[in-house]
Amino acid sequence: MDGRALAARVREEVASDVAGMPQPRLATVLVGDDPASDLYIGLKHKAASEVGIDAVDQRLPAETSEAEVLDLVGRLNADDGVDGILVQSPLPPQIDEPRVMRALDPLKDVDGLHPLNAGLLYLGRPALVPATPLGVMALLAEYHVSLEGARAVVVGRSELVGKPVAQLLLQANATVTVCHSRTRDLGAETLAADVLVVAAGKAALVARDMVKVGSAVVDVGTNRTDAGLVGDVDPAAAERAALLTPVPGGVGPMTIAMLLANTVRAARNRRGEARFS
Ligand code: NAP
């Protein structure tokens, strides 16, 4: 499954939406100097400017207090010119990350991490949904992967990826199993999956023979190794799966594209042009 090609199409659609509306503004907040976070923020800003979204880069030093971060979030919430706010994770240890997420205006929460947005997703009334799970679902739709009644297995239960993917698959009428680090026999679970989504952050966690023949496999994992960037699934799984996302070039580009789409969605909702369901 080619994430780069689909992401390019999504970005074109976003650019055409942006051209027909007052320019949306996305504010990103980066606390500290984690190199991976710096890279992700850079990619998001570049992608935003390419589609015509105004991206504002707010950076705070690593020793910033929680009160200062909350103060910045409060100011961005109150700024009518800001449509979307993204607080880059991880935050330094002195800052309670869930508390910062709770402080976001849910209508500007383009990462979909505020409890209200997480709760609406759980209730089957998605408003702003995390970008990576949206990207996973868009790839499955693009490749006409049938989810109705399918056995879907998600490896990972994070708030950013595993749990929201599981909710979206459930809403699409898949029969969903969520695996995690305490799962007793991971291979038995993955081998039964018609649709397998792996988001554990462990290189080669899913070996070739753990994948069902003819299945669709989405590899969310991004692991930096001596051999370069690799996913959580052994690429040899392509010999058994009908469809597999590459790493890089699969979910990664989709995440950024869906963040842009979420920013437009938030802007339209705020301006009353479209309402969240
Ligand atoms: P996370 O918060 O670290 O969660 C990892 C999950 O995997 C946890 O639920 C953990 O179980 C589970 N897990 C860990 N080891 C396992 C094992 N041996 N067997 C089964 N389950 C295991 O990570 P995340 O934020 O969800 O991200 C997951 C991966 O996706 C990372 O590599 C991350 O870099 C990547 N990612 C990529 C994108 C993208 O755009 N491509 C976006 C987001 C994340 P417990 O809950 O029991 O600890």
Side-chain angles (χ1 to χ4, degrees), residues 1-4 6-8 10-11 28 34-44 46-48 86-91 93 97-98 101 110-113 118 121 129-140 152-169 176-193 196-207 210-211 217-225 227-235 237 244-262:
M1 288 180 261
D2 185 348
R4 281 200 184 111
L6 180 57
V10 172
R11 287 202 309 266
T28 63
D34 175 53
S37 295
D38 183 58
L39 179 75
Y40 293 141
I41 287 287
L43 290 172
K44 289 166 187 175
K46 183 167 177 287
L86 179 154
V87 180
Q88 184 67 41
S89 180
L91 291 169
E97 198 159 311
M101 298 309 164
V110 287
D111 255 350
L113 291 172
L121 177 60
V129 176
T132 303
L134 286 178
V136 170
M137 298 305 286
L139 275 165
L140 293 172
V153 173
V154 179
V155 182
R157 55 176 166 179
S158 73
E159 285 163 27
L160 191 62
V161 190
K163 281 180 187 163
V165 163
Q167 290 298 333
L168 292 170
L169 288 165
V176 183
T177 301
V178 181
C179 302
H180 45 76
S181 65
R182 317 289 168 86
T183 296
R184 283 197 186 139
D185 186 350
L186 184 65
E189 304 294 343
T190 60
L191 207 46
L196 177 61
V197 180
V198 188
K202 296 271 180 306
L205 176 65
V206 174
M210 289 165 70
V211 166
V217 181
V218 180
D219 188 355
V220 182
T222 45
N223 308 292
R224 274 159 236 285
T225 69
L229 194 67
V230 301
D232 290 351
V233 179
D234 181 346
L244 172 65
T245 55
V247 177
V251 175
M254 288 305 298
T255 294
I256 295 189
M258 299 320 266
L259 168 69
L260 304 175
N262 269 354

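Since the model is a prediction, treat every value here as computed from it, not as a measurement. Counting starts at 1 for both ligands and their atoms, in listed order. As a basis for the values below, the full set of heavy atoms in this structure was taken, side chains included, without hydrogen atoms, waters or symmetry mates.
- Looking only at protein heavy atoms, the nearest one to atom 47 (O) of ligand 1 is Ser181 OG, 2.5 Å.
- Remark: side-chain polar atoms of Asp232 are not paired, donor with acceptor, to backbone N or O of Ala204 under 3.5 angstrom.
- Between the Thr190 side chain and the Met210 main chain, a donor and an acceptor come within less than 3.5 Å of each other.
- Those atoms of ligand 1 with a heavy atom of Thr255 less than 4.0 angstrom away are 39 (C), 40 (O).
- Residue-to-ligand polar distances place Ser158 within reach of ligand 1: an N/O pair is separated by less than 3.5 Å.
- Closest of all the heavy-atom pairs between Ser37 and Pro90 is OG-CD, 3.8 Å.
- A distance-only check finds a donor-acceptor pair linking the side chain of Asn262 to the backbone of Val110 [under 3.5 Å].
- Side-chain contact check for Gln88 and Thr28: no donor-acceptor pair (N or O, by modelled atom type) lies under 3.5 Å.
- Near Gly252, with a cut-off below 4.0 Å to any heavy atom, the atoms of ligand 1 are 40 (O), 41 (N).
- Ala138 approaches Leu6 most closely through the heavy-atom pair O-CD2, 3.6 Å.
- Distances shorter than 4.0 angstrom occur between a heavy atom of Ala199 and an atom of ligand 1.
- Met258 approaches Ala131 most closely through the heavy-atom pair CB-O, 3.6 Å.
- Within a 4.0 Å radius of atom 2 (O) of ligand 1, the protein has at least one heavy atom.
- Nearest to atom 5 (C) of ligand 1 by heavy-atom distance, out of Gly156, Ala200, Gly221, is Ala200.
- In terms of protein heavy atoms, atom 20 (C) of ligand 1 is closest to His180 O, 3.1 Å.
- Ligand-side atoms of ligand 1 in range of Gly201: 28 (C), 29 (C), 31 (C), 32 (O), range being under 4.0 angstrom from any heavy atom.
- The protein non-hydrogen atom at the shortest distance from atom 46 (O) of ligand 1 is Arg157 NE, 2.7 Å.
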Q. Run the side-chain contact (heavy atoms from CB on, under 4.5 Å) check on Val218 and Val198 step by step: do they pass?
A. CA-CA 6 Å; Val218 180; Val198 188; over 6 Å; no

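- Contacts between Lys202 and ligand 1, counted as non-hydrogen atom pairs separated by less than 4.0 Å, involve the side chain only.
- Distances shorter than 4.0 angstrom occur between a heavy atom of Thr222 and an atom of ligand 1.
- Panel note: side chain Asp185, backbone Ala188; a donor-acceptor pair is recorded below 3.5 Å.
- No side-chain heavy atom of Asp111 sits under 4.5 Å from any side-chain heavy atom of Val87.
- Listed by atom number, the atoms of ligand 1 under 4.0 Å from Val161 heavy atoms are 26 (O), 43 (C), 44 (C).
- Here Leu205 has side-chain heavy atoms under 4.0 Å from ligand 1, and that is the only part of it that gets that close.
- Close contacts between ligand 1 and Thr132 involve ligand atoms 40 (O), 42 (C), 43 (C) [criterion: under 4.0 Å to a heavy atom].
- Scanning all protein heavy atoms for the shortest distance to atom 30 (O) of ligand 1 gives Val220 O, 3.5 Å.
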